[in-house]
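Protein chains get the first letters and strands the later ones, always in sequence-line order, with residue 1 at the start of each.
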Protein chains: 2
Amino acid sequence: MDRVDNSLIALRRIIRATELYGRDLKQIAGITAVQFRALQIIGEKGYATAKEVSTRMRVSQATVTSLVDKLVRENMVTREKSETDRRQTDICITEQGRDTLENAPDPLQQRFVRKFAAMEDWEQTMLQAMLERVASMMDAEDLDASPVLDTGDIKH
Amino acid sequence: MDRVDNSLIALRRIIRATELYGRDLKQIAGITAVQFRALQIIGEKGYATAKEVSTRMRVSQATVTSLVDKLVRENMVTREKSETDRRQTDICITEQGRDTLENAPDPLQQRFVRKFAAMEDWEQTMLQAMLERVASMMDAEDLDASPVLDTGDIKH
DNA sequence: TCAGATACTTTGTCTATCGAAGGAAACAAT
DNA sequence: ATTGTTTCCTTCGATAGACAAAGTATCTGA
């Protein structure tokens, strides 16, 4: 009967771990988790519109504007008026932005990845299935998950 | 090979769901997730010192001060000088604070709890085990997990 | 062509968070 | 006792993230 409770507690611990990691990242790498998420999205194709970032991160456009302001100040990205639709602004990643993307530390994921790799094959499969199950239990809509674990793609 | 990736994506979705829920809570219930966490801790015994809240939430005392300021403004808690150690301030929950604690909506947990309840017995057990496993994969230290799912204990 | 939609920025406001500095009380050691 | 240290809390100033509302520029469909 308190399987639910224990499951929820575990969930809290997981979420908490990512929160704390976000704070570390800020201190260590000089970029915040949120800025990093935005940078990741921009980095995927090398550029992105504000709208796209806004939609994918699920924040308002105003928020994206101020986020991009900071990234511009830090020379991670540049703004360039779109040629095709002059209402749009392409936010383009710079060399330095790429650099940051590639070199940001990701101790949290590494910890996960390391332990994951150490598991038995069947256990990995099971874990994946379970996590996906929980995810669909918790997010109603079909969310774009990318903006969240704060920490870039996995480097194997 | 991309079992890790898919697992991480699922994890991101889970975390994202809790983030979005926090924003909803704020709009609907007029209290933010963070304030709610603090209120929960205070509510456990009916009172708590700033230090205790700070330690358990893992934020600075300065943060707790401003957090408590807001809770005081909203009549959720009161400050009272401790009798035993006059450096300390007891933060005491009020009637209204208790009320908020009891009546805050927790749609996210409810969604989880509902679906959890619908699962087979063996599946519940398995899920719990898996979540606990992931939690221990992600948090190095023995964290106090309580301040995180933003949303109070489960009402069965 | 022009009215409405769309994309973005600006402005102003909130919350959450921190570090540094400081007051007040408690404790410790002579 | 007195003096020095530590602990607890608050104040102050700063920053990030977030949003709403209002404004600007551009596009599109009728």
Peer 1: Report yes if some heavy atom in the side chain of A:Q35 is under 4.5 Å from a heavy atom in the side chain of A:L67; otherwise report no.
Peer 2: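 Yes, side chains in contact.
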Peer 1: With a cut-off of less than 4.0 Å, is there a side-chain N or O of A:K70 near OP1 or OP2 of D:dG17?
Peer 2: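 Yes, A:K70 has a side-chain N/O under 4.0 Å of OP1/OP2 on D:dG17.
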Peer 1: For A:Q61, which contact category applies under a 4.0 Å heavy-atom criterion: base, sugar-phosphate, or nothing?
Peer 2: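 Since a base atom lies under 4.0 Å of A:Q61, the category is base.
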Peer 1: Whole Å only: how far is the CZ atom of A:F36 from the C1' atom of D:dG17?
Peer 2: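 Nearest whole value for this atom pair: 18 Å.
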Peer 1: Quick one: is B:Q35 getting a side-chain N or O under 4.0 Å of the C:dA16 phosphate, OP1 or OP2?
Peer 2: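 Checking B:Q35 against C:dA16: at least one side-chain N or O falls below 4.0 Å of OP1 or OP2.
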Peer 1: With a non-hydrogen cut-off below 4.0 angstrom, is B:D85 in contact with a base, only sugar-phosphate, or nothing?
Peer 2: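 Answer is sugar-phosphate: B:D85 comes under 4.0 Å of backbone atoms only.
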Peer 1: Using a strict 4.0 Å threshold on nitrogen-to-oxygen distance, state whether A:D85 and A:K51 make a salt bridge.
Peer 2: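 Result for this pair is no, no salt bridge flagged.
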Peer 1: Using a 4.0 Å heavy-atom cut-off across all strands, classify A:T63 as base, sugar-phosphate, or nothing.
Peer 2: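 A:T63: base contact, heavy atoms under 4.0 Å.
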Peer 1: Expressed as a whole number of angstroms, how long is the span from B:D69:CG to C:dA16:C1'?
Peer 2: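 Computing the B:D69:CG to C:dA16:C1' distance gives 13 Å.
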Peer 1: Side chain of A:S60 only, heavy atoms from C-beta on: which candidate in C:dC8, C:dA16, D:dC19 is closest?
Peer 2: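 Of all the options, the side chain of A:S60 is nearest to D:dC19.
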Peer 1: In whole angstrom, what separates A:K81's NZ from C:dT6's P?
Peer 2: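 After rounding, the reported distance stands at 18 Å.
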Peer 1: Mind checking if B:T49 touches a base, just sugar-phosphate, or nothing, with heavy atoms under 4.0 Å?
Peer 2: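 The answer is sugar-phosphate, as B:T49 gets under 4.0 Å only of primed atoms, P, OP1 or OP2.
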Peer 1: Would you mind classifying the nucleic acid contact of A:A50 as base, sugar-phosphate or nothing, using non-hydrogen atoms under 4.0 angstrom?
Peer 2: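 Sugar-phosphate contact only.
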Peer 1: How many Å lie between CD on A:Q88 and P on C:dT9, as a whole number?
Peer 2: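 Taking CD of A:Q88 and P of C:dT9, I get 11 Å after rounding.
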Peer 1: Just how far, in rounded Å, is C1' of D:dT15 from CZ of A:R73?
Peer 2: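 Rounded to the whole Å, the gap is 10 Å.
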Peer 1: With sugar-phosphate meaning primed atoms plus P, OP1 and OP2, does A:S82 contact a base, only sugar-phosphate, or nothing at under 4.0 Å between heavy atoms?
Peer 2: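 No contact.
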Peer 1: Nearest whole angstrom, please: distance from the P of C:dA7 to the CG of A:D90.
Peer 2: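 From A:D90 CG to C:dA7 P: 13 Å.
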Peer 1: What is the distance, rounded to the nearest whole Å, between atom CZ of B:R86 and atom P of D:dC9?
Peer 2: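 The answer, rounded to whole Å, is 13 Å.
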Peer 1: Would the distance check show the side chain of A:S54 and the main-chain N or O of A:A50 forming a donor-acceptor pair, the cut-off being under 3.5 Å?
Peer 2: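 No, A:S54 side chain to A:A50 backbone: no donor-acceptor pair under 3.5 Å.
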Peer 1: For the base of C:dT6, is there a side-chain donor-acceptor partner from A:R87 under 3.5 Å away?
Peer 2: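 Such a pair is found, so the answer is yes.
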Peer 1: Figure out the CG/P separation between A:L71 and C:dC8, and round it to whole Å.
Peer 2: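 Checked: the CG to P distance equals 15 Å.
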Peer 1: Would you mind checking if B:D90 and B:K45 are paired as a salt bridge, meaning a charged N to carboxylate O distance below 4.0 Å?
Peer 2: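 Not counted as a salt bridge, because no side-chain N and carboxylate O are separated by less than 4.0 Å.
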Peer 1: Is any NZ, NE, NH1 or NH2 atom of the basic residue among B:R56 and B:E44 found under 4.0 Å from an Asp or Glu carboxylate oxygen of the other?
Peer 2: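 Yes, B:R56 and B:E44 are salt-bridged.
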Peer 1: Need one value for A:T65: base, sugar-phosphate or nothing, where a base atom within 4.0 Å counts as base even if backbone is also close, heavy atoms only.
Peer 2: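 Base, at least one base atom sits under 4.0 Å.
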Peer 1: Under 4.0 Å between a side-chain nitrogen and a carboxylate oxygen: does that hold for A:R79 and A:D69?
Peer 2: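 Between A:D69 and A:R79 there is a salt bridge, with a charged N closer than 4.0 Å to a carboxylate O.
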Peer 1: Counting side-chain heavy atoms from C-beta on, which of C:dA16, C:dT9, C:dC18 comes nearest to A:T89?
Peer 2: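 Of the candidates, C:dT9 comes closest.
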Peer 1: Which residue, B:S66 or A:V59, contacts DNA chain D at a nucleotide closer to its 5' end, judged by nearest heavy atom?
Peer 2: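 Whichever sits nearer the 5' end wins; that is B:S66.
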